[in-house]
Amino acid sequence: MFGLAVAGALAIAMVIAVALAMAYPNLPDVSELADYRPKLPLRVYSAEGALIGEFGEERRTLTPIDEIPKVMVDAVLAIEDTRFFEHGGVDYKGMLRAALANLGKVKSQGASTITMQVARNVYLSTEKTYTRKIYEVLLTFKLEHLLSKEKILEIYMNQIFLGHRAYGFAAASEVYFGKPLKDVTIAEAAMLAGLPKAPSAYNPISNPKRARIRQLYIIERMAENGFITAEQARIARDEPLQLRNASHSDRVNADYVAEMARQLVYAQYGDEAYTRGLNVYTTLNASEQEVAYAALRKGIMDYERRQRYRGPEKFIALPNDKEAREDVIDDTLAQHPDNGNVLAAVVLEASAKSLTVQRPDGETLVITGEGLKPVESGLSDKAAPNIKIRQGAVIRVIETAKGKWSATQLPEVEGAFVAVEPRTGAIRALVGGFDFQKNKFNHVTQAWRQPGSSFKPFIFSAALEKGVGPATMVNDAPLFFGSGVTGGQPWEPRNYDNKFEGPMSVRTALAKSRNIPSIRVLDFATPKFTQEWITRFGFDANRHPAYLTMALGAGAVTPMQMATAFSVFANGGYRINPWLISKITDHKGRILSEYVPKPLEQQQRAIEPRNAFVMNSMLQTVAKSGTAARAQATLKRPDLYGKTGTTNDAVDAWFAGFQPTLAAITWIGYDNPRNLGSRETGGGLSLPIWISFMQHALKDVPVATYPVPEGVVNMGGEWFYDEYTGASAVTSLGMDSSFNPSEPTEPPPPEERSRILDLFRTRP
């Protein structure tokens, strides 16, 4: 019997040896792990290094073993592989303990060593078969032979999946606690160390109770194995954890910028962009971006307060049982996530004088007084069933500047904001819409809209080259266009206020944004010349037909084009190209590409310095005493320049302005163009957003002035081109009672004809 036993054992050993010998050549090459290169996400940063976006299936921050804190290593070893530095890859004692644990004899933390887990996670599937187990053991021996213990541990600490797309403990620390791994406490390290076994089951955000039980067990294991003292264990058990959730993020609100950067990098690197660990540094100023984001959203929400209430987003039935009611409310609000500071809530009680609403986790808010005004039509007894706010209604609330709560609704209107450095073209702030998750269409770069009166400076700039000056008198008097011009019935254009103020200077006409004088100025400069002239600023000629409606901004522009165009005035006449990415590095910080803009003097000159100087003088008047007088009145500085713009029927509201070091554009409108409201203008909607941004951006910027260039002279307090100070000066336009276009005008096509008929009622 003994002989049979020995023979049987030898036979089994020979079978295993043959199996191993046959399996070993089929093992994957593990030598590449000596230079471990996991999938690393694409990360986008501001100029200061603040994270603004991350792209890739796996969130990971590759961290060398010597930079991983000891407390994190100890927590992992305590629960996953206490004898890691003692065994040769397979822990036979651990396997014996696991076998006894299956018989209920002892308590064990498992039989798989860290090396075995690395072999499994990097090279093998998760299927549970004897064949896979054999390969796992063989790979374990191969890894232990090729790599040091420290390298194996480094791979494990960076490779393991820990939930929420986080791979490795450095990424998990950011995801769950919003802090770098080097700063974790014993309690936090124990919580993170509990995730490898089951990232979903022990997730502290979604399963806090189970995660807490496992955390306490790991703290106990750390104390049992001498990694921490009993006193440290007690402190760790009592430490409250500050978990990071979706509503709390230290990222800069720049989703549209991150997406722009992603597209640019993908165009260069393809799919590798998401796995190489590229770091993309943009020109974005983090603090200015946050101010721009908040200012645009506030401007849109302020507008939303003046709109009719469209009704709750949903109605639900609330159970009488308190716990069941809270569960229903929490489940419902999970389907209606918060939109920044515009929060979702369920109505518990509603009356004409107060609203009681509940937020997740049982938090209740009471809204009264001014906070009810935006939804008062929904509280009326006469409100339609789909508008009526009642118990179970899902509505939106927002905290006001005074610290009180107001009922509101998600806006339908959109907006855009962009700020660039006029001398370099660097984009300092960009907000492409109200909310990226709701609408990924980037209105800064993709929205082609009519600029309205904000386009008038470019018309006046062309006229300067024809002899018109700020002092030229232009008649704000009725105009008549015959059928030869319109291609249809005769008609008379009007100013927004339907009034005529008679003779006024070109400076005053621009400051007051009068339509009739602008038409006379364009007619004198001629539409054809002006159409060519505006291309110097970066506009497309084919989007601005050579008709007199060009004087009223009847063409199409993007906010980014407007930023480029107004930068020409701001920098003294040079055409700059806006740019976003300053450099790209690999995961080790090595620079792969870098962009340094040319000096301004080497950029393309668009207009002469004197043209920019005289136009700036007039744009300064707009911001001082014209339609944008609120700018200088609020910011209390003279170096502000700009132009308001509101298109026909208040479809688009603009403000385009600059200070010599910074140009910024604001636009508000609906994606499907429609009226913003009978009293809405660029000066009322967009200018306040611009002012809020500039108040921050120019806080420590000294007042700047433009030097007087050659070719201009000041006479009687007004600026003139040298050659237009005498008899050749254009002293007046349209002072006679009739009006005849200065050049033959072919009848416009039908679609342009209808625009002409509409757009002469454009607002300032």
Side-chain angles (χ1 to χ4, degrees), residues 33-34 36 38 40 59-91 93-94 108-122 140 143-144 146-163 166-199 202 204 211 214-237 239 241 587:
L33 283 183
Y36 175 59
L40 298 174
R59 291 175 174 167
R60 182 185 280 108
T61 302
L62 186 57
T63 310
I65 189 64
D66 55 1
E67 294 180 16
I68 299 174
K70 184 176 183 298
V71 64
M72 190 70 251
V73 173
D74 291 344
V76 169
L77 294 180
I79 191 62
E80 294 294 335
D81 193 352
T82 308
R83 300 183 62 254
F84 173 71
F85 285 100
E86 300 171 20
H87 60 66
V90 177
D91 187 0
K93 291 182 180 180
S108 172
Q109 74 272 21
S112 287
T113 65
I114 284 177
T115 311
M116 293 170 73
Q117 291 185 57
V118 169
R120 183 190 316 145
N121 292 330
V122 175
T140 297
L143 288 172
E144 288 277 344
L146 179 69
L147 305 175
S148 67
K149 286 285 188 179
E150 288 75 14
K151 189 65 178 179
I152 293 171
L153 187 58
E154 177 184 293
I155 295 170
Y156 176 82
M157 300 291 280
N158 283 281
Q159 182 70 22
I160 196 73
F161 175 64
L162 300 172
Y167 288 77
F169 289 95
S173 179
E174 292 285 353
V175 167
Y176 294 108
F177 300 116
K179 60 163 55 175
L181 185 62
K182 63 182 179 63
D183 296 332
V184 295
T185 64
I186 294 174
E188 292 167 340
M191 182 66 79
L192 294 175
L195 291 167
K197 183 176 181 180
Y202 298 116
R214 182 139 178 94
Q215 178 209 28
L216 293 176
Y217 174 60
I218 294 174
I219 292 173
E220 177 188 336
R221 292 279 307 166
M222 293 177 73
E224 287 177 358
N225 287 278
F227 292 127
I228 58 175
T229 65
E231 178 63 15
Q232 288 175 316
R234 183 191 66 77
I235 295 173
R237 283 191 292 267
E239 179 184 325
L241 297 186
H587 71 280

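Within the model, atoms CD of Gln159 and CG of Leu62 stand 10.0 Å from one another, a figure rounded to the nearest 0.5 Å. Interatomic distance, CD of Glu154 versus CG of Leu147, reported as 10.0 Å (0.5 Å rounding). For the atom pair CD1 of Ile152 and OG1 of Thr115, the computed distance is 4.0 Å after rounding to the nearest 0.5 Å. Atom OG1 of Thr61 sits about 9.5 Å away from atom CG of Leu181, to the nearest 0.5 Å. Distance CD1/Ile186 to CD1/Ile228: 5.0 Å, rounded to 0.5 Å. Of the inter-residue distances, the one linking Met157 atom CE with Ile65 atom CD1 reads 6.0 Å to the nearest 0.5 angstrom.
Thr185 and Glu239 share a side-chain donor-acceptor pair at under 3.5 Å.
In this structure a side-chain-to-backbone donor-acceptor pair under 3.5 Å is present from Gln232 to Thr229. Not one N or O on the side chain of Arg214 forms a donor-acceptor pair closer than 3.5 Å with the backbone of Tyr202. Between the side chain of Gln215 and the backbone N or O of Ala187 there is at least one donor-acceptor pair closer than 3.5 Å.
Val184 and Pro69 get closest at one heavy-atom pair: CG2-CG, 4.3 Å. Taking every heavy atom of both residues into account, Ala172 and Leu162 meet most closely at CB-CD1, 3.6 Å. Residues Val71 and Met222 approach most closely at O-CE, 4.0 Å, considering heavy atoms. Here the shortest heavy-atom pairing between Ile79 and Ala193 reads CG2-O, 3.7 Å. The shortest non-hydrogen separation linking Leu241 to Met191 is CD1-CE, 3.5 Å. Contact between Arg60 and Ala171 at its shortest, heavy atoms only, is CA-CB, 3.9 Å.
Contact of the Leu192 side chain with the Pro204 side chain is not registered, since no non-hydrogen atoms from C-beta on lie closer than 4.5 Å. Side chains of Phe85 and Leu77 form a contact here, defined as non-hydrogen atoms less than 4.5 Å apart. Side-chain atoms of Asp183 and Phe177, non-hydrogen and from C-beta on, never get closer than 4.5 Å to each other. When side chains are defined from C-beta on, Thr82 counts as touching Arg221, because their heavy atoms get closer than 4.5 Å.
Applying the side-chain hydrogen bond (donor to acceptor under 3.5 Å, both in side chains) test to Lys182 and every residue at least two apart in sequence or in another chain returns nothing. The side-chain hydrogen bond (donor to acceptor under 3.5 Å, both in side chains) check on Asp74 picks up Lys70, with sequence neighbours excluded. Taking the side-chain contact (heavy atoms from CB on, under 4.5 Å) definition, one finds that Tyr156 meets it with Val76, Glu80, Ile114, Gln117, Val118, Ile160, Phe169, Pro196, sequence neighbours left out.
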(Q) Walk me through whether His87 and Asp81 qualify under side chain to side chain contact (heavy atoms under 4.5 Å, CB included). (A) CA-CA 10 Å; His87 60 66; Asp81 193 352; 2.9 Å; yes
- Please step through salt bridge (Lys or Arg N to Asp or Glu O under 4.0 Å) for the pair Lys179 and Glu188, ending with a clear verdict. CA-CA 11 Å; Lys179 60 163 55 175; Glu188 292 167 340; 3.0 Å; yes
